[in-house]
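In listed order, ligands and their atoms are each counted from 1.
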Amino acid sequence: MKNIAIFASGSGSNAQKIIAHFNTKKSLVGQVALVVCNKENAGVLQIAAAAQVPSAVITKTQLNNEDYMQALLQKHHIDFIVLAGFLLLIPEFLTRYFHHKIVNIHPALLPKYGGKGMYGKNVHQAVWQNRESQTGITIHFANEHYDEGNIIFQASTEITAADTPETIAQKVQQLEHQHFPAVIEKLLKG
Ligand code: GRF
């Protein structure tokens, strides 16, 4: 049974699906043992509390403090890290220590529409502005640069003339919720 830490900064809809997949359905492969967040009042903290998953609110300084993070992750026996809307850059000591054990989800078909500042509705706005015919999600191993690292999985959806950045966001979120828990499970199975 692997212990998963979810790092998130926002509403946590992906975290909610992942917790439902592993904890509520009592997966034999993994369980979400910790939620790490850098924002006091983020929705993901309520989701963790409702699911009785321990959470830790950390500052950017603490994230970049090797002793602090080692102690936090060891305390919860974390084997695997899932970034689900975590807006801080993961420090190199973590990507090294958890090599190919940190995955990120990005709401676009990387390498397009990735990198610093490309998150949330900025991504869908840019995709819409450029009249792309499709968009989608990318799940990849995280490294110390935003949205780089080997791509594990992609799924796409078409964009029609009727779409707006909001409807594109909804289509992409559907793909995230549909695929992220299953991709994590496959990775944990090795
Ligand atoms: C998602 O769009 C994900 O692709 C990106 O951050 C967002 C998280 O959304 N990495 P939520 O907080 O899980 O609803």
Just grab all the side chain to side chain donor-acceptor pair (under 3.5 Å) pairs involving residues 19-42, residues at least two apart or on different chains. N3-Q31, S9-N38, H21-E185
Only distances under 3.5 Å count here; give the side-chain donor-acceptor pairs of residues 47-60 to other protein atoms, sequence neighbours excluded, each with its distance to 0.1 Å.
| residue | atom | partner | partner atom | Å |
| --- | --- | --- | --- | --- |
| T59 | OG1 | T61 | N | 3.4 |
| T59 | OG1 | Q62 | N | 3.0 |
| T59 | OG1 | Q62 | OE1 | 3.4 |

In terms of ring plane angle, is the pair F86 and F7 parallel, tilted or perpendicular, where the classes change at 30° and 60°? perpendicular
Shortest non-hydrogen contact from M118 toward A126: CE-CB, 3.9 Å
Taken in chain and number order and not counting sequence neighbours, the residues that satisfy side chain to side chain donor-acceptor pair (under 3.5 Å) with Q154 are T138
Distance filter under 4.0 Å, heavy atoms only, around ligand 1 gives G10, S11, G12, S13, N14, G85, I105, H106, P107, Q173, E176
Are there over 12 heavy-atom neighbours, none belonging to Q174, within less than 6.0 Å of that residue's CD? no
